[in-house]
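As structure tokens, the structure follows; a few thoughts come after it.
Numbered from 1 within each chain, the chains take letters A, B, ... in sequence-line order. Reckoned from all heavy atoms, side chains included, excluding hydrogens, waters and symmetry mates.
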Amino acid sequence: MLPLPFYARPAQQVARDLLGKTLVHQWQGVRLAGRIVETEAYCDSAEPDLACHGSRNGGRPTPRTAVMFGRAGHSYVYFTYGIHWLFNIVTGEEGQANAVLIRALEPTEGEVHMAMHRAPRPRPEWTNGPAKLTQALALNKSHNGLNLCAADGVIWVEDAPAVPPNLIATGPRIGLGQTPEPWLSIPWRYWVAGHPFVSK
DNA sequence: ATGTTGATTGGCT
DNA sequence: GCCAATCAACATT
């Protein structure tokens with residue numbers, strides 16, 4: 001599994017380097033896993049990233065955002081729009097609110113179970129969005145604040161060959177709504193160019 | 001105590 | 001393309 005030093009770096013760097021790696025959830029005795037093909041970085045800047053949950057409350061932790069301020073390599077799972085769970089990985093230094101949102105992946109293991117979680121949708125729609133992949137991998141509130149570097153954990157990321165830089169595309173983050181510039185347009189979204197499982 | 005807003009998705013026009 | 005679903009966090013009263 002990827003070790004703590006991998007995560008204890010700037011969010012943008014971790015977001016880029018997570019492309020191609022394998023996210024694994026050990027679930028009811030089976031591995032639900034996929035190749036990460038799209039990520040977004042939040043915070044990790046001299047100025048507060050106003051799109052980042054950690055910038056709320058004057059940049060101080062709240063019960064919801066506490067894990068973002070904690071140690072790197074932990075999961076930050078939160079509920080939004082009254083319906084959806086979104087899965088993030090905490091990065092950077094403890095005390096700063098940095099995280100990488102996993103936006104899309106390509107199923108590689110446990111596909112029978114993912115299909116059940118996402119039925120009757122076609123395969124690309126199992127995991128081509130941040131709330132879709134949490135459904136497919138059965139991730140929810142109970143997975144908030146877990147250590148992805150723990151030997152006995154149920155969620156971790158496995159190493160895999162890096163995606164060649166010329167195949168990595170970047171652009172503005174998705175769904176930021178009323179967030180002011182420059183945060184609205186800063187290109188902190190990363191994806192594997194042309195990959196069919198990238199979100200639309 | 002009440003009102004507003006979302007790091008989204010899926011269904012309908 | 002537009003909009004409802006559905007609720008916790010946060011801001012405002």
Checklist entry - Is there any disulfide bond (SG atoms under 2.5 Å apart) pair reaching into residues 30-98 of chain A, and which pairs are they, with sequence neighbours excluded? => result Cys43(A)-Cys52(A)

Checklist outcome for this item: For DNA chain C, the expected dot-bracket line (Watson-Crick or G-U under 3.5 Å, [ ] crossing, | inter-strand) is |||||.||||||.

Item to check | Contacting residues from residues 92-106 of chain A, given that a heavy atom lies under 4.0 angstrom of DNA chain B | outcome: Leu101(A), Arg103(A)

Item to check | Of residues 123-131 of chain A, the positions that come close to DNA chain B - non-hydrogen atoms, cut-off under 4.0 Å | outcome: Gly129(A), Pro130(A), Ala131(A)

List every contact pair, protein side and nucleotides 4-6 of chain B side both N or O, where the distance is under 3.5 Å.
from   : atom 1 : to       : atom 2 : distance (Å)
dG6(B) : N2     : Tyr81(A) : N      : 3.4

Checklist entry - Partners of Trp85(A) by ring pair (Phe, Tyr, Trp, His ring centres under 6.0 Å), sequence neighbours excluded? => result Phe79(A)

Close N/O contacts between protein and nucleotides 11-13 of chain B (under 3.5 Å):
none

Checklist entry - Think Thr65(A) has a side-chain N or O under 4.0 angstrom from the OP1 or OP2 of dA9(C)? => result no

Next on the checklist: If the condition is ring pair (Phe, Tyr, Trp, His ring centres under 6.0 Å), which residues does Phe6(A) pass it with, not counting sequence neighbours?
Outcome noted: none

Checklist outcome for this item: Here the side chain to side chain donor-acceptor pair (under 3.5 Å) pairs for residues 17-35 of chain A, sequence neighbours left out, are Arg9(A)-Asp17(A), Lys21(A)-Asp159(A), His25(A)-His143(A), Arg31(A)-Glu109(A), Arg31(A)-Glu158(A)

Item to check | Phe197(A): partners by ring pair (Phe, Tyr, Trp, His ring centres under 6.0 Å), with sequence neighbours left out | outcome: His195(A)

Item to check | By side-chain hydrogen bond (donor to acceptor under 3.5 Å, both in side chains) - contacts of Tyr7(A) (at least two apart) | outcome: none

Checklist entry - Which pairs, with at least one residue in residues 66-159 of chain A and sequence neighbours excluded, count as a disulfide bond (SG atoms under 2.5 Å apart)? => result none

